[in-house]
There are 2 protein chains.
Amino acid sequence: MRVPKKERQRLLQETIEHNPFIKDEELSKQFSVSIQTIRLDRMELKIPEVRERIKHVASEHLDEVKSLSMSEVIGDMIDLKLDDSAISVLDIEKEHVFSRNEIARGHVLFAQANSLAVALINDELALTTKADIRFSRQVHLGERVVAKARVLKLRGDGRTDVTVESYVGEECVFDGDFTIYRRSEEEQA
Amino acid sequence: MRVPKKERQRLLQETIEHNPFIKDEELSKQFSVSIQTIRLDRMELKIPEVRERIKHVASEHLDEVKSLSMSEVIGDMIDLKLDDSAISVLDIEKEHVFSRNEIARGHVLFAQANSLAVALINDELALTTKADIRFSRQVHLGERVVAKARVLKLRGDGRTDVTVESYVGEECVFDGDFTIYRRSEEEQA
DNA sequence: CTGCTATTAGTACCAGGTATTAAGTTCTTT
DNA sequence: AAAGAACTTAATACCTGGTACTAATAGCAG
């Protein structure tokens with residue numbers, strides 16, 4: 001359980017890095033050393049106390065605007081008819097663009113379209129199996145992208161063809177054909 | 001300087017909302033009341049102490065940290081030969097998956113592949129114009145996806161064909177053919 | 001003046017530390 | 001095996017930014 005100092009300090013650094021909220025007491029238990037040893041280690045490694053660490057994380061937060069919530073549908077869903085059609089809106093902000101030229105990254109538009117296509121499916125599980133996509137015009141910082149998804153065909157075998165077209169104003173900026181797999185419980189990515 | 005209680009509490013709420021880092025002492029000075037009055041106000045308004053507030057801000061931050069990686073190359077680039085080939089590694093974590101079944105979302109794999117294809121291009125500007133992709137097997141939480149990109153053809157007109165294959169171990173989980181547009185300064189998304 | 005709310009004061013206590021001094025405990029190295 | 005250095009633990013005083021509680025006072029309406 002007990003590791004040599006160098007190794008412990010390496011692990012300590014890692015541990016704190018990935019969980020800045022951890023207290024000395026917990027650390028001392030984790031490494032089976034006294035709390036004082038942990039404090040000495042922190043001193044040597046110049047790692048501040050837990051409150052300072054938390055404060056730091058929090059203040060970084062303040063600088064940043066909203067980030068991409070990769071985890072949920074990207075954009076705001078404004079209309080949804082299951083197994084039929086759906087619309088979502090995404091305002092292009094600076095976390096979506098290349099800093100050099102302020103043009104939206106391809107996977108942002110893809111993410112909006114893909115999320116929408118998946119959300120459209122009226123089933124427990126829906127996963128994209130295939131997509132053919134085209135980016136027809138660049139999208140700039142500040143523009144509003146409206147994605148429209150429509151079910152083309154509900155096949156018997158669990159696959160559904162969905163087409164998505166994304167617009168900035170009147171202009172089509174992206175379109176794609178998706179094949180989405182649905183199932184009650186398992187498989188396919 | 002001294003305002004009635006109701007008004008003070010309204011202002012207090014606002015003040016704290018827009019600066020969660022402020023301490024009772026500072027607040028008491030700002031409103032020209034004693035520190036105890038501030039504490040009573042916080043009690044009535046159910047506003048927690050400063051450390052808790054900071055902790056809260058910081059923990060919100062933690063949820064978002066990971067998704068920020070969306071803005072840069074997704075995954076860690078472990079090999080890169082410009083205009084030739086590149087490899088990146090992405091460990092699937094919980095922000096990448098559907099919570100229901102712990103299967104990675106399609107646009108995560110797409111983002112990794114797309115970022116890699118774009119990074120591969122040895123030019124100021126590189127933008128995806130077209131992609132045909134297939135998801136051949138679902139990827140689960142905790143798995144490590146290795147994406148390998150290879151340039152197929154450098155066309156004269158600024159377009160480059162790149163193929164990307166992503167693996168978990170020996171298994172191919174994703175593959176796609178991308179057409180990337182390059183240019184010194186402007187256009188195309 | 002009485003009564004009521006609002007405010008202020010004071011004290012004890014807590015978490016999670018810092019800072020310092022001192023006393024072990026190991027590991028080497030001779 | 002003895003000496004020394006490096007490492008670890010202990011003990012104590014003190015700090016910040018509070019909580020929780022009790023009690024005293026201020027200001028004003030009826």
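Quick note on labels: first sequence line is chain A, next is B, and so on, each numbered from 1.
Taking the ring axis of B:Y167 as reference, the NZ or CZ atom of B:K148 stays within 45° of it and closer than 6.0 Å to the ring centre.
A:R10 CZ: more than 12 foreign heavy atoms inside a 6.0 Å radius.
Checked for salt-bridge contact, B:R137 and B:E143 meet the test: a charged N lies under 4.0 Å from a carboxylate O. Under the 4.0 Å criterion applied to side-chain N and carboxylate O atoms, A:E49 and A:R51 are assigned as salt-bridge partners.
Nearest-nucleotide assignment on DNA chain C puts the 5′-proximal partner with B:K5, out of B:Q36 and B:K5.
If you measure from atom CD1 of B:I38 to atom P of D:dT19, you get 12 Å, rounded to the nearest angstrom. Between the P atom of D:dA26 and the CG atom of B:L40 lies a distance of 18 Å, rounded to the nearest Å. D:dG18 atom P lies 14 Å from atom CD1 of A:I54, rounded to whole Å. Between B:K55 atom NZ and D:dG18 atom P the separation is 13 Å, expressed in whole Å. Spacing between atom CZ of B:R39 and atom P of D:dT22 amounts to 17 Å, rounded to whole angstrom units. Per the geometry, CG belonging to B:L27 stands 12 Å off P belonging to D:dG17, to the nearest Å.
Within 4.0 Å of A:R53, counting heavy atoms only, lies no atom of the nucleic acid at all. Counting non-hydrogen atoms under 4.0 angstrom, B:I35 reaches nothing in the nucleic acid.
Looking at every heavy atom in both residues, A:A113 comes nearest to A:F178 through CB-CZ, 3.8 Å.
Interface remark: the B:R51 side chain does form a donor-acceptor pair with the D:dG17 base, using a distance-only criterion of under 3.5 Å.
Atom CG of B:L141 is separated from atom CD of B:E93 by 8.5 Å, given to the nearest 0.5 angstrom.
Comparing D:dG18, D:dT8, D:dT9 by their nearest atom to the side chain of A:V33 picks out D:dT9.
Using modelled atom types and a 3.5 Å distance limit, the side chains of B:T160 and B:R182 yield a donor-acceptor pair.
In 5' to 3' order, the nucleotides of DNA chain C bounding all contacts with chain B (an atom under 4.0 Å from a heavy atom) are C:dA6 to C:dG10.
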